[in-house]
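To keep things clear, I will list the structure first and then write my remarks on it.
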Number of protein chains: 2
Amino acid sequence: MENKVTINDIARLTGLSKGTVDRVLHKRGEVSKKSYEKVMKVIEELGYKPNVFASLLAGGKGCQIAVVLPSGEKGSYWELAESGIAKVGADVEALGVRTQLFTYDQYKPESFHQTCTEVLEAAPDGVVLAPLFKEETSQFVLDLEEKGIPYVFVDSRLESEHYLAYFGMPMYQSGYLCADQLTGGFAIGSVLIVRVRRDKDQQADPTKNRRAGFIDYMLEHSPECSVSNIFIDPNDPEGTYNALDSYFKAHPETRHIVMFNSRIHLLVPWLADHPVKGRRVVGFDNLPENIAALRRGVVTSLIGQRPDVQVSRAIEALAEAIVLGQLPPQKDAFMHMDILTRYNVDYY
Amino acid sequence: MENKVTINDIARLTGLSKGTVDRVLHKRGEVSKKSYEKVMKVIEELGYKPNVFASLLAGGKGCQIAVVLPSGEKGSYWELAESGIAKVGADVEALGVRTQLFTYDQYKPESFHQTCTEVLEAAPDGVVLAPLFKEETSQFVLDLEEKGIPYVFVDSRLESEHYLAYFGMPMYQSGYLCADQLTGGFAIGSVLIVRVRRDKDQQADPTKNRRAGFIDYMLEHSPECSVSNIFIDPNDPEGTYNALDSYFKAHPETRHIVMFNSRIHLLVPWLADHPVKGRRVVGFDNLPENIAALRRGVVTSLIGQRPDVQVSRAIEALAEAIVLGQLPPQKDAFMHMDILTRYNVDYY
DNA sequence: AAAATTTCCGTGCACGGTAACGGAAAATCA
DNA sequence: TGATTTTCCGTTACCGTGCACGGAAATTTT
């Protein structure tokens, strides 16, 4: 059933041998132009697709996929992404696909560059890439294209036309959704945005678009609602605590709190000490610590994009493209924005 | 890489031929007890796993999976489930898995029984089953076990110990979650539950547990909030409209509305005619009509379990078990309860 | 004890594709 | 023109399993 057309059929119809047919299939030369075209024509007509099993059986090599991510500390967003590698379906593994993880320091462009050269040396059959640095990524992508190595973006992407697929979250919309969750659709008092202070010469703020979506929602639905910002240092718990304390001393009328990165858990100590009935606290990403906060009831809801799923789907898409020659149905796959509350988080 | 152990290795180590080894592997007799045990021992020791590619190549058959669902009218829940069949990964198909759909009338046990015999005649290698009738399902499952055909439940399940896996939604918790969505965590006025009238001798109400979860939440979080019920006939739009009309004439203070089955869209005509600021309307399942209502803003949120994903995951699990001999990591996979609002529905 | 069964097992081909090997034909060189 | 190199292609031996066929050995029948 399926594709009855075999390499032998083509050999017979072209009057050549399967050895020659195999040579044109794999473009390993030593074929006259005339024969080459004859074979290609018949392949086209019959819609020949090679039998994956036979190919794997004979060749045995399978394929190697490199996954390039920022190195994830324990409990971080990127560790979650990393765990997606282990979640690819058994059927993909059965197809002879192997994955190899390469990490880089998300704060050091030169570390990323270093990792890229390592990847190129490893010469994988495909690359899954979470890009953070524009310049360096453009260069890397050029190198990959030159070598004919297909690549898939996760989390964010470049404007490049040549990537095979992209799995990520629509940032602007996630901010919009977040605002809806925070306000519950009702008009409310003022809102506090807690942000992480970052050096200006560092990379651009990845949550910029998200914040924009949030602001737009508020302007449309609750124009009377005031929005304030404070900045904290993620490595200074005490400072964070004090920042919140002094802000709320000055603005006791502010009720709801939101953060646009995955660090909402940093607020837990202060929140736990200052419970307010009706306060809504919304953050992003299902990190273990965030989920714990959700369960405690300190955080109202989280908006999750499941980076692990992004990675595993990316690997699967890449594998299907390489091994089966099937392009992904859609190039840009914006993934679910999951709304997590304490009542459904157990099932994610 | 992987399993270097082949059938030839075993043949050599046992001093037998691969023909004999193959015979014990497939239990097709004609092997002396002594040889049988010798082979089994070596297989055990070396942890032999057959090469899927070679097997598929030689045998060619692949495997046949029967999917048994209630017949889904256009736009219905079960049609959504049906669509999951088309969504199994290309890699699973590449493994030589073919699926065949069998449907039955969800209101007629005898129709289910009829379908079951058809399935048994087709003698598939595995069965995905959405069971509605307890008695008949128990019998069917016994037949399957007798024939050694593995089966996976979706949507709901029997207490049977022998199913391979189950993909479904935790009903009680979904009701709990629903109540949280409806109230938004705030204390609110009274709530209306719209239910579908059904004959008592018909099957039991599949949403009973869900309702129980809802009620429990309300008792715990908003004991002062009154909950009323009305009943409608899904096939009588006019009657539905009038029922809502007369209820709300008598109880204008009731604001929020909930339905526990997938038919919240039946209320759209009335809701569209009677917009109330701050009213929350929550229903279940991402049917096209429900999603349309969500987009219009008539329905506040939906709780979705994506029956299509349940079906495709079930097929994949079954395929992996049959073809690769890999049991699913967890027997009971309670699937996500997705909270859908107009702001994230586009990404589901 | 010879013949007829039955039980058990080895051999060999097929599945579709890969790739090394070697040789014929064509092109280039002397 | 003969020798040499290049270009091109057919042959062949696998890869690991499935399975049909036929035959040796063990068992039962005459």
Side-chain angles (χ1 to χ4, degrees), chain A residues 1-43 46-63 94-96 125 322-325, chain B residues 1-43 46-64 93-96 125 322-325:
Chain A
M1 64 162 306
E2 321 211 11
N3 249 318
K4 289 296 295 175
V5 193
T6 77
I7 203 173
N8 287 305
D9 296 329
I10 306 182
R12 195 163 23 79
L13 287 174
T14 54
L16 295 162
S17 75
K18 59 177 189 165
T20 305
V21 176
D22 185 64
R23 267 183 288 264
V24 344
L25 282 174
H26 295 295
K27 303 179 186 181
R28 50 188 162 98
E30 311 205 356
V31 177
S32 71
K33 198 167 181 183
K34 200 198 291 179
S35 305
Y36 178 86
E37 283 165 0
K38 212 187 322 184
V39 171
M40 287 306 275
K41 184 154 161 277
V42 176
I43 286 179
L46 301 196
Y48 167 78
K49 289 268 179 255
N51 181 317
V52 192
F53 309 131
S55 179
L56 264 294
L57 217 211
K61 313 172 307 299
C63 81
L95 247 39
D125 303 288
I322 296 173
V323 180
L324 307 178
Chain B
M1 58 165 289
E2 323 218 5
N3 249 316
K4 290 295 294 175
V5 192
T6 77
I7 205 174
N8 287 305
D9 295 329
I10 305 182
R12 195 161 25 78
L13 288 174
T14 55
L16 294 163
S17 75
K18 58 177 190 152
T20 305
V21 176
D22 185 65
R23 268 184 286 266
V24 345
L25 281 174
H26 291 64
K27 303 181 187 179
R28 50 187 161 98
E30 310 204 357
V31 177
S32 72
K33 198 166 181 183
K34 200 197 293 179
S35 304
Y36 179 87
E37 283 164 359
K38 210 186 325 184
V39 170
M40 288 305 277
K41 184 154 162 279
V42 176
I43 285 179
L46 302 196
Y48 166 78
K49 289 267 180 255
N51 180 317
V52 192
F53 309 131
S55 180
L56 264 294
L57 217 210
K61 311 172 310 298
C63 82
Q64 184 74 242
E93 286 175 35
L95 247 38
D125 303 289
I322 297 173
V323 180
L324 308 178

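Chain naming here is simple, since letters A, B, ... match the order of the sequence lines and numbering starts at 1 in each.
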- Set of residues satisfying salt bridge (Lys or Arg N to Asp or Glu O under 4.0 Å) with respect to A:D22, sequence neighbours excluded: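 Salt bridge (Lys or Arg N to Asp or Glu O under 4.0 Å) check on A:D22 returns A:R28.
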- A:L57 side-chain proximity, nearest of C:dG17, C:dG16, C:dG10: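 Shortest atom-to-atom distance from the side chain points to C:dG16.
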- With B:N51 via side chain to side chain donor-acceptor pair (under 3.5 Å) - residues at least two apart: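 Applying side chain to side chain donor-acceptor pair (under 3.5 Å) to B:N51 gives none.
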Any base atoms under 4.0 Å from [X], or only sugar-phosphate, or nothing? Heavy atoms, all strands.
{"X": "B:G15", "result": "sugar-phosphate"}
{"X": "B:N51", "result": "sugar-phosphate"}
{"X": "A:L25", "result": "nothing"}

Exercise: identify the closest heavy-atom pair between [X] and [Y]:
{"X": "A:I7", "Y": "A:K18", "result": "CD1-O, 4.0 Å"}
{"X": "B:Y36", "Y": "B:V24", "result": "CD1-CB, 3.8 Å"}
{"X": "A:A11", "Y": "A:S17", "result": "CB-C, 3.7 Å"}

- Item | Nearest-nucleotide comparison on DNA chain D, the residue closer to the 5′ end among B:F53 and B:R23 |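 First, find each residue's nearest nucleotide; the 5'-ward one identifies B:F53.
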- Task: Assign each of B:P50 and A:V31 to its nearest nucleotide of DNA chain D by heavy atoms, then name whichever residue's nucleotide is nearer the 5' end.
- Result: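 Looking at DNA chain D, the more 5' nearest nucleotide goes with A:V31.
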- Query: So how far is it from B:T20 OG1 to B:E30 CD, rounded to the nearest 0.5 Å?
  - Reply: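 Rounded to the nearest 0.5 Å, the OG1-CD separation comes to 10.0 Å.
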- When rounded to the nearest 0.5 angstrom, what distance separates NZ in A:K4 from OG1 in A:T6?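 One gets 8.5 Å once the value is rounded to the nearest 0.5 Å.
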- Item | Relative orientation of the end axes in the helix from C:dA1-D:dT30 to C:dA30-D:dT1, expressed as an angle to the nearest 10° (five pairs per end) |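 Between the first-five-pair axis and the last-five-pair axis there is 50°.
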Identify the pairs formed between an N or O of the protein and an N or O of nucleotides 5-7 of chain C at a distance under 3.5 Å, and give each distance.
none

- Message: Determine whether B:L13 and B:L46 satisfy the following criterion, side chain to side chain contact (heavy atoms under 4.5 Å, CB included), listing intermediate values before the conclusion.
- Response: CA-CA 11 Å; B:L13 288 174; B:L46 302 196; 3.6 Å; yes
- Nucleotide interval of DNA chain D bounded by contacts with chain B (heavy-atom cut-off, under 4.0 Å):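 Span of nucleotides near chain B: D:dG16 to D:dC19.
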- Message: Do B:V323 and B:D125 have side chains that approach each other closer than 4.5 Å (heavy atoms only, starting at C-beta)?
- Response: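 They are not in contact (no side-chain heavy atoms under 4.5 Å apart), so the answer is no.
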- Task: Kindly indicate whether the side chain of A:L95, heavy atoms from C-beta on, has any atom under 4.5 Å from the side chain of A:L56.
- Result: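 Side-chain contact under 4.5 Å: no.
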- Item | Residue mapping more 5' on DNA chain C - nearest nucleotide basis, A:K18 or B:T20 |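 Nearer the 5' end of the strand: B:T20.
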- Would you mind telling me which residue lines up with the more 5' stretch of DNA chain C, A:G19 or B:L16, judged by nearest nucleotide?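 In this pair, the answer is B:L16.
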- Query: How would you list, by chain and number, every residue that makes a side chain to side chain contact (heavy atoms under 4.5 Å, CB included) with A:S32, sequence neighbours excluded?
  - Reply: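 Per chain and number, A:S32 pairs via side chain to side chain contact (heavy atoms under 4.5 Å, CB included) with A:K34, A:S35.
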- Task: For a side-chain hydrogen bond (donor to acceptor under 3.5 Å, both in side chains) with A:R12, tell me which candidate from A:N8, A:D9, A:T14 qualifies.
- Result: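 Going through the options one by one, the only one that passes is A:D9.
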- Using only side-chain N and O atoms of A:T6, determine if any of them is under 4.0 Å from OP1 or OP2 of C:dG16.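 Looking at the OP1 and OP2 atoms of C:dG16, neither is under 4.0 Å from any side-chain N or O of A:T6.
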Roughly how many Å is it from [atom1] in [X] to [atom2] in [N], rounded to a whole number?
{"X": "A:I7", "N": "C:dG17", "atom1": "CD1", "atom2": "P", "result": "5 Å"}
{"X": "A:Y48", "N": "C:dG16", "atom1": "OH", "atom2": "P", "result": "10 Å"}
{"X": "B:N8", "N": "C:dG10", "atom1": "CG", "atom2": "C1'", "result": "13 Å"}
{"X": "A:R28", "N": "C:dT18", "atom1": "CZ", "atom2": "C1'", "result": "7 Å"}

